[in-house]
Amino acid sequence: MPELPEVETTRRTLAPRIEGANIEAVRLGKPLRWPLGCDAERLVGRTVGALERRGKYLWMPLGDGGLLIHLGMSGSLGFHDGAAPPGGPHDHFDLVTSRGTMRLHDPRRFGAVVWSPSRDEGPAARLLAGLGLEPFDAAFDGAHLHRALRGRRMAIKQALLAGDVVVGAGNIYACEALFDAGIDPRLPAGRLSRPRCERLAASLRATLAGALGMGGTTLRDFRDAHGMSGTFQQQARVYGREGEPCGACGTRVRRVVQGQRSTFFCPRCQRR
DNA sequence: CTGGGCTCCTGTCAGC
DNA sequence: TGCTGACAGGAGCCCA
């Protein structure tokens with residue numbers, strides 16, 4: 001689930017509670033997408049540095065190395081002061097620290113916690129390589145989008161999800177940003193004019209920023225580190241609204257499938 | 001290099 | 001009520 005707003009919300013709520021904490025123990029549940037990549041004992045005694053986010057990944061520095069964390073489709077990170085309650089069947093990674101316990105809850109287990117000697121080498125470097133620009137990076141604008149999409153035949157919706165041009169948008173925000181920009185999600189990416197790229201860049205930033213301001217989207221199980229739900233889902237104008245009238249023109253919102261993922265759009269407001 | 005499809009896993013819900 | 005299939009916020013990997 002977690003797209004950029006949810007991951008950033010997690011980072012912001014978790015950081016003040018865990019940064020500077022000393023790791024006292026690690027508890028592993030069922031296997032996640034990838035193995036931890038080191039002996040859990042190797043984490044004990046380390047101090048948690050400043051949490052960083054890159055795309056939908058979180059990087060937790062731990063001295064000479066750190067953990068690259070991804071929440072997959074159903075993951076969330078909670079933080080418990082003092083002694084944490086016993087882990088449930090979907091709690092697969094606990095970092096017990098001097099300040100409390102950080103717990104990864106992830107029913108589907110598409111998430112991951114991977115040790116890497118640094119952000120720029122080893123597994124972290126491999127996973128982060130090839131990621132596109134951060135949407136709030138000053139270098140991300142219509143010109144970049146236009147240049148990066150040139151020659152691409154893939155539909156613009158899928159190009160946004162691919163993450164090699166710009167990171168952060170997942171299925172919800174790609175749909176919402178394209179609605180905001182008035183662009184048909186099925187349009188081949190390379191066919192977008194420069195002005196429409198300008199519009200889309202602005203819409204993507206506005207959509208992600210808006211969702212961030214609402215603590216993200218909670219469809220079923222996303223929670224921030226304090227256990228709070230996001231509220232963006234109430235603002236979604238097309239995502240999950242197949243058959244409902246478009247708030248702008250009244251036309252029924254359509255759902256199509258692109259790359260095995262649902263795409264929601266207004267056939268009248270979003271043009272080719 | 002590009003793009004399409006598959007896969008990992010569990011839970012939920014609609015429909016019969 | 002019970003079973004079955006579709007679908008769910010991601011993205012790495014393999015193959016054409």
Side-chain angles (χ1 to χ4, degrees), chain A residues 1-10 29-35 37 53-58 68-77 87-93 104-114 116 123-132 147-177 185-191 207-208 211-212 214-224 229-236 238-243 255-264:
Chain A
M1 74 90 327
E3 305 182 35
L4 184 148
E6 293 76 35
V7 178
E8 179 62 17
T9 293
T10 298
K30 287 188 186 176
L32 293 165
R33 179 164 189 172
W34 297 297
R53 180 190 56 76
R54 176 74 175 101
K56 299 170 192 169
Y57 286 94
L58 287 173
L68 191 69
I69 302 171
H70 196 287
L71 302 178
M73 284 280 255
S74 57
S76 57
L77 287 172
H90 301 308
D91 295 324
H92 304 301
F93 183 86
L104 174 67
H105 177 83
D106 185 5
R108 293 179 74 180
R109 292 191 282 128
F110 290 169
V113 179
V114 178
S116 191
R126 268 191 303 103
L127 292 166
L128 299 177
L131 291 188
R147 196 181 329 115
L149 295 177
R150 186 162 32 198
R152 292 264 209 144
R153 299 190 207 182
M154 173 185 284
I156 183 60
K157 154 81 177 332
Q158 290 177 266
L160 288 178
L161 291 186
D164 56 343
V165 172
V166 57
V167 297
N171 212 27
I172 298 175
Y173 303 119
C175 290
E176 295 298 312
R186 302 165 296 183
L187 189 67
R191 296 244 307 269
T207 300
L208 295 173
L212 192 46
M214 290 181 261
T217 297
T218 297
L219 290 186
R220 33 178 68 79
D221 48 16
F222 173 71
R223 294 291 186 279
D224 69 18
S229 301
T231 60
F232 180 85
Q233 62 278 9
Q234 295 152 15
Q235 307 279 321
V238 287
Y239 185 83
R241 300 196 182 280
E242 180 183 18
R255 182 180 84 93
V256 294
V257 175
Q258 294 180 286
Q260 292 87 238
R261 315 287 303 277
S262 289
T263 297
F264 299 89

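Letters go in sequence order (proteins before strands), and every chain restarts at 1. Computation of the quantities below employed the complete heavy-atom set of this structure, encompassing side-chain atoms and omitting hydrogens, waters and symmetry-equivalent molecules.
For the pair Q158(A) CD and dT2(B) P, the computed distance is 15 Å after rounding to whole Å. A straight line from CD of E3(A) to C1' of dA8(C) spans 12 Å, rounded to a whole angstrom.
Among the heavy atoms of the strands, none lies under 4.0 Å from G259(A).
Using modelled atom types, one finds no donor on one side chain facing an acceptor on the other under 3.5 Å when comparing E176(A) with T207(A).
Residue R126(A) places no side-chain N or O under 4.0 Å from the OP1 or OP2 atom of dG12(C). Between R33(A) and dG10(C) there is no side-chain N or O to OP1 or OP2 distance below 4.0 Å. Phosphate proximity of dC9(B) to K30(A): absent, as no side-chain N or O sits under 4.0 Å from OP1 or OP2.
Comparing atom distances between the R152(A) side chain and each of dT10(B), dC6(B), dG3(B) picks out dG3(B) as nearest.
Side chain of N171(A) to backbone of S262(A): a donor-acceptor contact under 3.5 angstrom is found.
The CZ atom of R191(A) sits 12.0 Å away from the CD1 atom of I156(A) when rounded to the nearest 0.5 Å.
With hydrogens and angles ignored, no donor-acceptor pair under 3.5 angstrom links the side chain of R261(A) to the base of dA8(C). Counting atom types as modelled, R109(A) pairs no side-chain N or O with a base atom of dC9(B) as donor and acceptor under 3.5 Å.
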Which nucleotides of DNA chain C pair, in dot-bracket form (Watson-Crick or G-U under 3.5 Å, | meaning another strand) = .|||||||.|||||||

